[in-house]
Trainee: 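What follows is a structure written as structure tokens; I'll ask about it next.
Heads up: numbering here begins at 1 and tracks the sequence. Values below: all heavy atoms of this structure, side chains included; hydrogens, waters and symmetry mates excluded.
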Amino acid sequence: MIKNLLSKVGWGDLPGSFGFTVGEKVELPFRWHWDLHRGQKKSDGSVVSIFICSKKDLDSFQISAAKNAEQMAKALRHPNILRSLDSIEVEGGFYLVTEAVVPLLSFDAAESDDGGAPAIWGFYQAMDALGFLHQSGFTHGLFGPASIFVTPQGDFRLGGFDLCRKDASADALLAGWRRSSPGISAWPEPPSSLKSNGTPTVGIDLWGATLLAAYIFGSAGASQRGVDYRVDLARLPKDLPAELRKPVADLQKQGPLRGKNPVADLLKNSFFDENSSVQVMSFLNNIHIKSPEEKDAFFEGLPALLENVPRSQQTRQVLPELLTAQKFPGQEAAQVLPAILKIGVRLKDDEFKEKVAPLVVQLFQSPDRAIRFRLLTSIGDMIDSLDDSMINDKIFTECVNGFTDSNGPIREATVKSLIHFVPRLRPKTVEGRVTKLLLRSLQDPEASIRTNTVICCGRISGHLPKACANQTLGQVLAAGLKDNFGPCRSAALHTLLATAVVFTPEELAGRLMPCVCQRLVDTDPSVADAAFNALSALEQHVRQEVEERRRAQSMEPILGDQTATVVGVGDAASLQGRLGSWASTVGNMVGQKIMGSMKTDGGVASGNPARNSSSSEPAVNSGGEGMNLRPKEAAAVSDFSGGNVSNAWESRVDLASDSADLGGSGWGEEAFWDEFKDLAADPPPPRKESTMDSNPPAANTGPRKGPSAASSAPKSMSMSMGPSPTMQKNSPASNTQAKAQPQKDGILQSDDSDFWKEFDM
């Protein structure tokens with residue numbers, strides 16, 4: 001039963017020696033006496049196309065035409081002519097096996113991602129095949145869109161040789177065209193005038209070439225392909241490029257050719273010579289006959305040419321040719337690699353892994369420095385298409401050899417490539433190997449490599465564990481800030497700004513900002529400017545972090561008795577842990593008590609009353625209009641606090657406000673220092689006084705009714721902790737007035753319990 005079914009379609013009489021299996025039928029977009037089937041080669045499973053012409057229902061002329069097509073397909077050999085693999089004639093019909101193709105007018109061939117650009121290279125291929133036939137003395141007879149087939153790679157192939165012969169008459173060709181050509185409704189037919197006016201037999205092919213040009217350029221402009229597009233020869237001049245209008249018009253002229261070859265003249269047109277698609281594919285198809293100099297020049301300019309080649313043509317036609325070209329003996333893979341990678345990144349992931357990834361792994365193992373450099377500089381474009389296992393196990397293991405290469409550009413390119421490698425590497429590899437390699441690169445004799453190492457560490461810090469990033473960046477930045485190469489120091493400053501969040505405020509203030517301060521006086525002006533900007537930004541960052549920490553600590557529960565007990569026993573370790581929550585309050589309160597004794601004539605304290613006691617320190621005015629109490633004054637407080645509270649003076653007292661009167665009617669400097677006389681709760685043991693100050697005055701914290709009787713405001717105020725003998729000698733009135741004040745008006749009485757009550761936690 002199966003045999004009878006196969007015999008009806010003509011397959012039952014195929015001999016067993018036929019080496020191909022006939023597959024499913026391909027629907028053609030036109031009526032033809034040939035059927036197209038997909039097939040498979042039995043020996044290797046490769047895909048083929050099988051054209052089948054059944055003798056049933058065919059007249060003698062059509063059977064003769066089908067037999068001619070089978071014989072001509074086997075006889076003709078040209079790169080752009082449909083390649084015949086096998087053929088056989090049996091009782092039921094003809095079988096012609098060719099390379100895998102589909103008709104140009106089928107919807108499969110119309111699917112493309114070239115953005116609607118005309119298939120210029122395909123048109124060139126078809127015309128090249130026609131020119132070959134004419135030079136050989138043949139007339140095709142059916143040339144046109146229906147006789148063009150397309151390979152899976154997008155190459156055009158000329159087929160349909162039913163009427164192809166030598167010395168055919170124009171009448172016979174016109175008659176045969178109407179009986180053997182594929183039928184497409186509403187498409188133009190060759191005019192009857194082709195058999196008169198001395199028109200040669202090739203005139204029917206020239207008319208078909210005009211029809212093909214109208215379809216390729218017209219359908220691209222209309223964004224409609226296949227048999228649904230209605231070819232209009234009258235609109236052809238508008239659809240054609242300006243350079244092709246005249247040569248295509250010559251194809252339509254009827255009459256003797258008089259030695260002219262219109263097809264050859266068309267192919268020599270400057271339009272094709274200047275077209276990137278034609279340039280690239282023509283060279284690659286003939287690369288085996290090109291000289292080394294021509295190859296070098298071509299591959300050097302190939303990446304730029306690819307910008308004007310349709311994307312579908314790059315991936316389907318150019319890339320396979322390049323992959324083949326790099327295997328040629330004597331051909332440098334480094335020359336071809338840039339173009340391969342440029343096209344490879346546009347492939348889908350599966351296609352890239354199949355076609356390009358194996359080549360990348362193979363080339364990374366090559367000792368050729370030119371190939372290695374090309375790969376390293378292009379890794380960022382293709383790394384997203386590579387598997388993690390391939391990167392970790394095959395590629396990076398070869399890449400790290402570049403760190404010890406004797407060639408500087410290779411080492412530098414290797415450092416730069418880490419920016420792309422690190423996010424894809426295993427954490428163990430990054431922590432155990434990459435960081436060590438980077439630290440070693442900081443000792444490289446090439447200054448540019450050290451600079452790029454600093455930048456690289458900053459860019460990959462986000463992919464490192466925080467502890468590892470902190471340690472690595474700390475060493476890298478410290479070395480970079482001390483480097484003798486100016487751009488490296490500048491890079492370290494910018495990297496520090498970009499990665500400041502990696503460090504704690506203590507690390508910034510204690511380790512890194514001092515290094516930045518050294519760069520403020522850098523001999524390179526650009527580095528010094530960068531250091532000033534960096535220091536300002538880091539100061540703001542640290543200030544913000546400290547203020548946030550204080551706000552967070554102020555929200556913690558208040559520990560009353562526990563804190564008092566710890567302070568009473570003088571436990572320095574516990575005090576240091578708790579002091580931060582109220583140290584600024586102590587400093588501010590003490591500052592207010594001190595400033596309370598320094599009144600102007602109007603009785604207003606010299607501090608800014610509108611200023612919050614916990615606000616941050618303002619900038620010091622260099623014009624001498626104000627000052628800040630520095631931490632040196634904290635020594636006087638430590639005597640009565642029972643511990644070290646010098647941190648309490650981190651919140652500075654502002655004397656630069658408008659309310660502070662420092663004019664000629666102000667208080668004297670010797671009177672100011674008298675205020676610090678009795679700060680200690682337990683006065684120190686008596687010491688031998690100098691003759692100039694044998695009776696030190698008592699401290700006076702009461703409000704001042706006016707300026708000192710024998711003093712005026714000084715032009716500048718010293719930051720020393722005590723009055724000089726000269727001041728005391730020249731101001732006896734002030735000392736006398738201070739002695740007249742009662743002891744009960746001091747900042748602290750003999751019993752200091754009232755003072756500490758204000759800070760009871």
Trainee: F298: what forms a ring-ring contact (aromatic ring centres under 6.0 Å, His included) with it, not counting sequence neighbours?
Mentor: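 Once residues adjacent in sequence are excluded, the partners of F298 under the ring-ring contact (aromatic ring centres under 6.0 Å, His included) criterion are F283.
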Trainee: Are the side chains of L341 and V360 in contact, using a 4.5 Å heavy-atom criterion?
Mentor: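 Yes, side chains in contact.
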Trainee: With a 4.0 Å cut-off, would you call K342 and E307 a salt bridge?
Mentor: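 Counted as a salt bridge, because a side-chain N and a carboxylate O are separated by less than 4.0 Å.
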Trainee: Would a 4.5 Å heavy-atom cut-off, applied to side chains only, mark S49 and T98 as touching?
Mentor: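 Yes, their side chains come closer than 4.5 Å.
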Trainee: Rounded to the nearest 0.5 Å, what's the gap from CG on L158 to OG on S147? Could you check?
Mentor: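 With rounding to 0.5 Å, CG (L158) is 5.5 Å from OG (S147).
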Trainee: Name all residues meeting the salt bridge (Lys or Arg N to Asp or Glu O under 4.0 Å) criterion together with E89; count only those two or more places apart in sequence or in a different chain, and write none if there are none.
Mentor: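 Scan of E89 (salt bridge (Lys or Arg N to Asp or Glu O under 4.0 Å), adjacent residues dropped) gives K55, K67.
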Trainee: Any idea which heavy atoms bring A357 and L386 closest together, and the distance?
Mentor: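 Reported closest heavy-atom pair: CB-CD2, 4.0 Å.
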Trainee: Walk me through it: do C53 and D35 pass the test side chain to side chain contact (heavy atoms under 4.5 Å, CB included)?
Mentor: CA-CA 6 Å; C53 179; D35 293 329; over 6 Å; no
Trainee: Just distance, no hydrogens or angles: give the donor-acceptor pairs under 3.5 Å from side chains in residues 203-213, sequence neighbours left out.
Mentor:
residue : atom : partner : partner atom : Å
D205    : OD1  : G141    : N            : 2.9
D205    : OD2  : H134    : NE2          : 3.0
D205    : OD2  : H140    : N            : 2.8
T210    : OG1  : L206    : O            : 3.1

Trainee: Y229: which residues meet the side-chain hydrogen bond (donor to acceptor under 3.5 Å, both in side chains) condition with it, sequence neighbours left out?
Mentor: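 Listed in chain order: R235.
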Trainee: For I52 and F94, what are the C-alpha separation, side-chain angles and deciding distance, and is it a side chain to side chain contact (heavy atoms under 4.5 Å, CB included)?
Mentor: CA-CA 6 Å; I52 301 176; F94 301 93; over 6 Å; no
Trainee: Would you find more than 12 non-hydrogen atoms of other residues, nucleotides or ligands less than 6.0 Å from K260 atom NZ?
Mentor: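 12 or below, so no.
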Trainee: Do S181 and L163 have side chains that get closer than 4.5 Å, going by heavy atoms?
Mentor: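 Heavy-atom side-chain distance check fails, nothing below 4.5 Å.
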Trainee: Holding to ring-ring contact (aromatic ring centres under 6.0 Å, His included), I want the full list of residues that pass it with F217, two or more places apart in sequence or in another chain.
Mentor: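 With neighbours one apart ignored, the set is F123.
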Trainee: Sequence neighbours left out, what passes salt bridge (Lys or Arg N to Asp or Glu O under 4.0 Å) with E293? Give chain and number order.
Mentor: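 Partners of E293 under the salt bridge (Lys or Arg N to Asp or Glu O under 4.0 Å) test: none.
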Trainee: Give a yes or no on this: more than 12 heavy atoms of other residues, nucleotides or ligands lie within 6.0 Å of atom NZ of K238.
Mentor: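 Check fails, neighbour count at 12 or below.
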Trainee: Could you tell me whether K353 and D350 make a salt bridge, using a distance below 4.0 angstrom between a side-chain N and a carboxylate O?
Mentor: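 So K353 does not pair with D350 through a salt bridge.
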Trainee: Just do the side chain to side chain contact (heavy atoms under 4.5 Å, CB included) check on L319 and L347 with the steps written out, would you?
Mentor: CA-CA 10 Å; L319 182 60; L347 297 173; 3.5 Å; yes
Trainee: State which residues pass ring-ring contact (aromatic ring centres under 6.0 Å, His included) with F51; sequence neighbours excluded, sorted by chain then number.
Mentor: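 If we apply the ring-ring contact (aromatic ring centres under 6.0 Å, His included) test to F51, skipping adjacent residues, the hits are F149.
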Trainee: Mind checking what makes ring-ring contact (aromatic ring centres under 6.0 Å, His included) contact with F156, not counting sequence neighbours?
Mentor: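 By the ring-ring contact (aromatic ring centres under 6.0 Å, His included) rule, F156 matches no residue at all.
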Trainee: Please say whether more than 12 non-hydrogen atoms of neighbouring residues, nucleotides or ligands are located less than 6.0 Å from NZ in K246.
Mentor: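 No, the 6.0 Å shell around NZ holds no more than 12 heavy atoms from other groups.
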Trainee: Looking only at heavy atoms, what is the nearest atom pair of N68 and F161, with distance?
Mentor: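 Of all heavy-atom pairs spanning N68 and F161, the closest is ND2-O, 2.9 Å.
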Trainee: Could you tell me which residues satisfy side-chain hydrogen bond (donor to acceptor under 3.5 Å, both in side chains) with N80, sequence neighbours excluded, listed by chain and number?
Mentor: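 Expected list: Q125, D128.
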Trainee: Stepwise, does the side chain to side chain contact (heavy atoms under 4.5 Å, CB included) test hold for L28 with W34?
Mentor: CA-CA 9 Å; L28 298 177; W34 286 94; 5.7 Å; no
Trainee: Only counting residues at least two apart or in another chain, list the ones meeting side-chain hydrogen bond (donor to acceptor under 3.5 Å, both in side chains) with N308.
Mentor: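 With neighbours one apart ignored, the set is empty.
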Trainee: Going by the rule salt bridge (Lys or Arg N to Asp or Glu O under 4.0 Å), which residues pair with R165 if we only count those two or more places apart in sequence or in a different chain?
Mentor: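 Checked R165 against salt bridge (Lys or Arg N to Asp or Glu O under 4.0 Å); zero matches.
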Trainee: Do the charged groups of R179 and D59 touch, with an N to O distance under 4.0 Å?
Mentor: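 A salt bridge links R179 with D59.
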Trainee: For Q365, is the CD atom crowded, meaning more than 12 foreign heavy atoms sit under 6.0 Å from it?
Mentor: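 Enclosed.
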Trainee: Using a 6.0 Å cut-off, check whether atom CZ of R31 has over 12 heavy atoms from anything other than its own residue.
Mentor: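 Counting other residues, nucleotides and ligands, CZ of R31 stays at 12 neighbours or fewer.
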Trainee: Decide yes or no for L105 and I148: does some side-chain heavy atom of the first lie under 4.5 Å from some side-chain heavy atom of the second?
Mentor: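 L105 does not reach I148 side chain to side chain.
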Trainee: If we only count heavy atoms from C-beta on, is the N275 to W121 side-chain gap below 4.5 Å?
Mentor: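 Not in contact.
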Trainee: Counting only heavy atoms not in D167 (residues, nucleotides, ligands), do more than 12 fall under 6.0 Å from its CG?
Mentor: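 It does not: D167 CG has 12 such atoms or fewer within range.
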Trainee: Any heavy-atom pair between the side chains of L76 and L133 that's under 4.5 Å?
Mentor: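 Yes, at least one pair of side-chain atoms sits under 4.5 Å.
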Trainee: Could you tell me if the side chain of V278 sits less than 4.5 Å from the side chain of I120, heavy atoms only?
Mentor: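 Side chain of I120 against side chain of V278, heavy atoms only: contact under 4.5 Å found.
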Trainee: Determine whether a donor-acceptor pair (N or O, by modelled atom type, separation under 3.5 Å) exists between the side chain of N286 and the backbone of S282.
Mentor: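 Side chain of N286 to backbone of S282: a pair is present.
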Trainee: Return the set of residues passing salt bridge (Lys or Arg N to Asp or Glu O under 4.0 Å) with D44 (not counting sequence neighbours), or none when no residue passes.
Mentor: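 By the salt bridge (Lys or Arg N to Asp or Glu O under 4.0 Å) rule, D44 matches no residue at all.
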Trainee: Kindly compute the distance separating OG (S136) from NE2 (H78), expressed to the nearest 0.5 Å.
Mentor: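 Answer rounded to 0.5 Å: 8.5 Å.
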